[in-house]
Amino acid sequence: MTDTPVTDENRYDFRAIEDRWQPVWRETQPFRSSNEGDDRPTKYVLDMFPYPSGDLHMGHAEAYALGDVIARYWVQRGYNVLHPIGWDSFGLPAENAAINRGLDPRGWTEDNIAQQRASMERYACSFDWDRVLATHRPEYYQWNQWLFTRMHEKGLAYRKHSNVNWCPKDQTVLANEQVVAGLCERCDTPVTKKKLNQWYFKITDYADRLLDDLATLEGKWPSKVIAMQKNWIGRSEGADVQFRIEGRDEPIDIYTTRPDTLYGATFMVVAADSDLGAELVEGADAAVKEEFAAYVESVRAASDIDRLATDRPKTGVFLNRYAINPVNGERLPIWASDYVLADYGHGAVMAVPAHDQRDLDFARAMDLPVRLVLDVRDEDGNPVEDPATSGIAATGDGTLINSGDLNGKPKDQAIAEISADLEAKGLGAASRNYRLRDWLISRQRYWGTPIPIVHCDDCGEVRVPDDQLPIELPPAEGLDLKPKGTSPLGAATDWVNTTCPDCGKPAKRDTDTMDTFVDSSWYYMRYLSPNKTDGPFDAEDAKKWAPVDQYVGGVTHAILHLLYSRFFTKALNDMGFVDFDEPFSALLNQGMVQMDGSAMSKSRGNIVRLSEQLDEFGVDAVRLTLVFAGPPEDDIDWADVSAGATAKFLARAWRLARDVSSEPGVDPTTGDAALRAITHKTMHEAAELTESFRFNVVVARTMELVNATRKAIDSGPGAADPAVREAAEAVAVLLSMFAPYCAEDMWSMLGHENVARGGWIDVDESLLVEDTVTCVVQVKGKVRDRLEVPPSISEDDLREQALAAPGVVRALEGADIRTVIVRAPKLVNIVPA
RNA sequence: GCCCCCGUAGCCCAACUGGCAGAGGCAGCCGACUUAAAAUCGGCCCAGUGCGGGUUCGAACCCCGCCGGGGGCACCA
């Protein structure tokens, strides 16, 4: 105990190292990006900004470790890298904390931000701290309001009365995207419908571009995310067809993807909760009206969960009205049902029970006729059983029957002909529909960006002029923030009552606030000009940095945030504010951090606390463990990896720098050639691997280099060899991407300053060329011999040597040779006759 | 129901995208150093790539069919 006291100089002590470098970095700010007087090429690396909820957790740790590898790599490669951070700080948790604990949401939010920032600094995130933003601050949300008014001018922001998703617990509306399996995304309460006047962004105007431009992201975004966005937009190609309605002047349109089945329509169905349904029932007798009213009531009361049950029996009401089939003049009874959606297509369908499962289910429930108009065959070529008896709709391909002039024609041809025919007669037209709906952005909550609109009795909806922005949130003090279905801002009388910007008469402010996804849809642009006071961002800055070269974040935002950002960017492009129309050129999704096979959660009791891991193993070991665990997009099970083992590796690497005994600046070319070859090969490979996100492999290569260097010191050329210094410096440079504290300490021991800007070790190409390579010689695909050959060997020479190789001769046993496949210099395969 | 991704040593993962299945690590075992332990250093063990076919001189990789796991959409006409 008393002998050989260990000192900081010869033992790797991560706590001492963290304490040593944190204040230095705070001073030197090695990752401040420069806007002027810097001719390095630029890279914009962006991490999804966090919500300021308490402290950082393991998920943050992984995301920021990965973003850091990329940002630090490009700095090492000599780029001027912009790697900013901020806070997505509006939203319900702050407001709920305010309600439940009586805290001011501003104070709660700012405290959390301060805590997270301190943790990020300890975690050695390579952020540019001069560009921090937080969306709840007026300097930021002023520009939300400014952008909203631009959207409003272009007709992209509008208000409409409609059935919206309503969370009874949060007492607020939800966007479609925030309803997950019929439950509120945030609190898992079953979502109901409510008819309200709400603000929307017209994202559907961009549906085609949002879908088609995904092609430009192919290979640069995860294919999974691209697929999810395609699914979500849900474009469908079909036709609108006009049906006359008896007793109604105007015909109505229906949307169908199967105009070929027009002759098979036996009834029509309108959405029960649609305006059309209400109108059609007007002329009916009292009994029908009453039945309809009761039905609509029951539909409204049903939650989305009930509606989503796929095996739910079909229900509906006959409206006692008839439509006329345009192709054959048949009278089709009109029904109202909830299986037809009011807000898709035209809220009405022609029902072809023989060829559509939903229509068939309805027809069987209501005893309506079923008419086959397509001869559909099964695998054996036999006609399928009549859907009326089998209960299974014939949805396959076939040739037309019972369809007048179209009889005998194949499905695709029939679709084309009937579409052209309807179009010629003015009864129809090709049409597209989308699953995507307009984005509902208004919220009846306090903690968000006030909508910059004034409602005036005379002038109507009036935009607040730019010079009156921001419309700041009134103080929360004295307001009842409890959710009650209308915005708490309504109670801030002094705030609400204002004058009309147009006519000067008394008027009222809009009391809704914006969905926080508005805040995050353009924040990546604000980082470029965080202090600009006369616009959201500067055109010159945008030209210099945007769009984002590399975005890093969780797949949880695959649809919502990324779709909205893409929409905003395209709108900004159309308005001439930016010259690109995709915000994120490349995207990396990190996986989740789990524990014992499942996501960490309070209820499972399997939460791994980041702060405890950092205390026990150190920042570097935790970061390195997360990066080394596997490919970035894979989930990590913390139980499968060992931060302790990683810490040991770091100690091993650190000792290399400690042991180097040559002077800084010594000429490496005089050093051990074998070690140099390993060093340069490692640097060469590490660059390629890093750029293709295979960070775990980079770590493995670094481990190999460390092992080789150790061996060189202990049982090779020794600690004074210049190649050993070169190798140790390479290790420090590589580790600066993953384990910045350890790397900086090594760098310092090696007599240098600021490893983050230490630069990549220039790869000497001549060291990558090996003197000889091992050529595998196969006979019929089995390895029979190996040859040491020069890499430049010719095919003929190699063939000759291979055929003479003892193992080959033995295997051939004098047999004739059919072919010899030569892949110089690595492989020869001899195929006997 | 439709669409997408993934199955390689006991475990986490590599394999230049068709060319020797193993780079790195965990765990395990053995040894060196030590009075002993820790730390450190060295060594060893371990799969024929989920299963069945096919293409090919050659398949973990390409194709077809299963099995298992994960994910997205889903009454969208």
Side-chain angles (χ1 to χ4, degrees), chain A residues 6 11-12 181 222-236 238-239 254-258 261 269 271 307-312 314 337-341 343-352 355-359 361-362 395 433-437 555 558-559 591 624-625 628-631 633-646 648-649 651-652 655 685 688-689 694 696-707 710-711 714-715 774-786 817-823 826-832:
Chain A
V6 271
R11 191 172 62 91
Y12 173 72
S223 52
K224 180 180 170 180
V225 173
I226 292 175
M228 284 165 76
Q229 294 224 346
K230 278 184 189 162
N231 263 340
W232 189 264
I233 295 166
R235 181 160 70 194
S236 116
I254 59 95
Y255 173 73
T256 180
T257 55
R258 295 292 305 277
T261 62
V269 186
R307 284 190 71 137
L308 282 171
T310 44
D311 52 354
R312 201 161 137 264
K314 293 280 185 285
S337 173
D338 65 350
Y339 86 89
V340 172
L341 307 175
D343 58 352
Y344 185 80
H346 304 285
V349 300
M350 67 170 191
V352 185
H355 303 289
D356 182 283
Q357 191 61 48
R358 297 153 302 186
D359 295 342
D361 293 342
F362 192 82
T395 53
N433 269 295
Y434 305 88
R435 217 192 68 90
L436 181 71
R437 307 294 147 91
V555 73
I559 298 171
L624 189 62
T625 302
F628 183 50
E633 57 277 6
D634 285 9
D635 291 343
I636 295 170
D637 196 317
W638 196 246
D640 288 339
V641 296
S642 169
T646 322
K648 278 185 201 171
F649 161 71
R652 191 171 150 80
R655 287 193 299 268
E685 283 184 14
E688 257 173 40
L689 291 165
R694 291 184 292 170
N696 54 324
V697 186
V698 179
V699 176
R701 294 286 174 270
T702 307
M703 288 173 167
E704 289 178 81
L705 179 57
V706 167
N707 291 344
R710 180 81 259 157
K711 210 169 249 174
D714 290 350
S715 54
T774 305
C775 177
V776 175
V777 186
Q778 301 175 332
V779 174
K780 244 187 127 185
K782 288 206 171 90
V783 182
R784 295 299 184 187
D785 214 328
R786 282 158 223 270
I817 291 160
R818 180 142 64 105
T819 19
V820 181
I821 291 149
V822 183
R823 293 283 179 273
K826 308 269 294 200
L827 178 129
V828 176
N829 188 13
I830 297 157
V831 188

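Chain identifiers are assigned alphabetically (A, B, ...) following the order of the sequence lines, protein sequences preceding nucleic acid strands; residue numbering begins at 1 within each chain.
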Residue [X], side-chain heavy atoms: nucleotide from [options] that is nearest:
| X | options | value |
| --- | --- | --- |
| A:I559 | B:rG19, B:rG24, B:rC73 | B:rC73 |
| A:K711 | B:rG19, B:rG72, B:rG43 | B:rG43 |
| A:A700 | B:rG24, B:rG19, B:rG72 | B:rG24 |
| A:R655 | B:rC73, B:rC57, B:rU40 | B:rU40 |
| A:A645 | B:rA77, B:rC73, B:rC26 | B:rC26 |
| A:N231 | B:rC57, B:rA77, B:rC73 | B:rC73 |

Q.
Please classify the glycosidic conformation of B:rU17 as syn (within 90° of 0) or anti (everything else).
A.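 Base orientation relative to the sugar is syn.
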
Q | Glycosidic conformation of B:rG48, taking syn as within 90° of 0 and anti otherwise | A |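 Base orientation relative to the sugar is syn.
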
May I ask you to say what [X] touches in the nucleic acid, namely base, sugar-phosphate or nothing, with a heavy-atom cut-off under 4.0 Å?
| X | result |
| --- | --- |
| A:N707 | sugar-phosphate |
| A:T819 | nothing |
| A:V831 | sugar-phosphate |
| A:Q778 | base |

According to the Watson-Crick and G-U wobble definitions, with both distances under 3.5 Å, which nucleotide is paired to [N]?
| N | value |
| --- | --- |
| B:rC33 | none |
| B:rC44 | B:rG28 |
| B:rC16 | none |
| B:rG68 | B:rC6 |
| B:rG1 | B:rC73 |

Interatomic distance, [X] [atom1] vs [N] [atom2] [rounded to whole Å]:
| X | N | atom1 | atom2 | answer |
| --- | --- | --- | --- | --- |
| A:R652 | B:rG25 | CZ | C1' | 12 Å |
| A:I636 | B:rC26 | CD1 | P | 17 Å |
| A:L827 | B:rG19 | CG | P | 10 Å |
| A:D359 | B:rC75 | CG | C1' | 10 Å |
| A:R818 | B:rU56 | CZ | P | 11 Å |
| A:E633 | B:rC4 | CD | C1' | 15 Å |
| A:R784 | B:rC57 | CZ | C1' | 14 Å |
| A:D343 | B:rA77 | CG | P | 13 Å |

Write down the distance separating the [atom1] atoms in [N] and [M], rounded off to the nearest Å.
| N | M | atom1 | value |
| --- | --- | --- | --- |
| B:rG31 | B:rC16 | C1' | 36 Å |
| B:rC62 | B:rU56 | C1' | 10 Å |
| B:rU34 | B:rC26 | C1' | 26 Å |
| B:rG48 | B:rG7 | C1' | 15 Å |
| B:rG24 | B:rC46 | C1' | 16 Å |
| B:rG68 | B:rC75 | C1' | 31 Å |
| B:rC2 | B:rG65 | P | 13 Å |
| B:rG10 | B:rG1 | P | 35 Å |

**Q.** Residue whose closest nucleotide on RNA chain B lies nearer the 5' end, A:M228 versus A:D356
**A.** A:M228

Counting N and O atoms only, with roles assigned by atom type, does the side chain of [X] sit under 3.5 Å from a partner on the main chain of [Y], one being a donor and the other an acceptor?
| X | Y | value |
| --- | --- | --- |
| A:D359 | A:V352 | yes |
| A:Y255 | A:G238 | yes |
| A:N829 | A:G781 | yes |

Distance below 4.0 Å between [X] side-chain N/O and [N] OP1 or OP2:
| X | N | answer |
| --- | --- | --- |
| A:S236 | B:rA77 | yes |
| A:R11 | B:rU40 | no |
| A:Y344 | B:rA77 | yes |

Looking at [atom1] of [X] and [atom2] of [Y], how far apart are the two atoms once the value is rounded to the nearest 0.5 Å?
| X | Y | atom1 | atom2 | value |
| --- | --- | --- | --- | --- |
| A:M350 | A:T256 | CE | OG1 | 3.5 Å |
| A:Y344 | A:R437 | OH | CZ | 7.5 Å |
| A:K314 | A:D338 | NZ | CG | 8.5 Å |

Q: Determine, for A:D356 against A:R258, whether the closest basic-nitrogen to carboxylate-oxygen distance falls under 4.0 angstrom.
A: no

Q: Look at the rings of A:F362 and A:Y339 and say which category their plane angle falls in: under 30° parallel, 30 to 60° tilted, over 60° perpendicular.
A: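 The arrangement is tilted - the two ring planes meet at 30° to 60°.
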
**Q.** Footprint string (nucleotides 9-18 of chain B, 5' to 3'): B base within contact, S backbone only, - free, heavy atoms under 4.0 Å
**A.** --SSSSS---

**Q.** Check: A:E685 and A:E688 side chains under 4.5 Å, non-hydrogen atoms
**A.**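 Side-chain contact under 4.5 Å: no.
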
Q) Would A:N707 and A:R652 satisfy side chain to side chain donor-acceptor pair (under 3.5 Å), going step by step from the backbone distance to the final call? A) CA-CA 9 Å; A:N707 291 344; A:R652 191 171 150 80; 2.3 Å; yes

Q) With no angle test and no hydrogens, is the base of B:rC3 tied to the side chain of A:K230 by a donor-acceptor pair under 3.5 Å? A) no

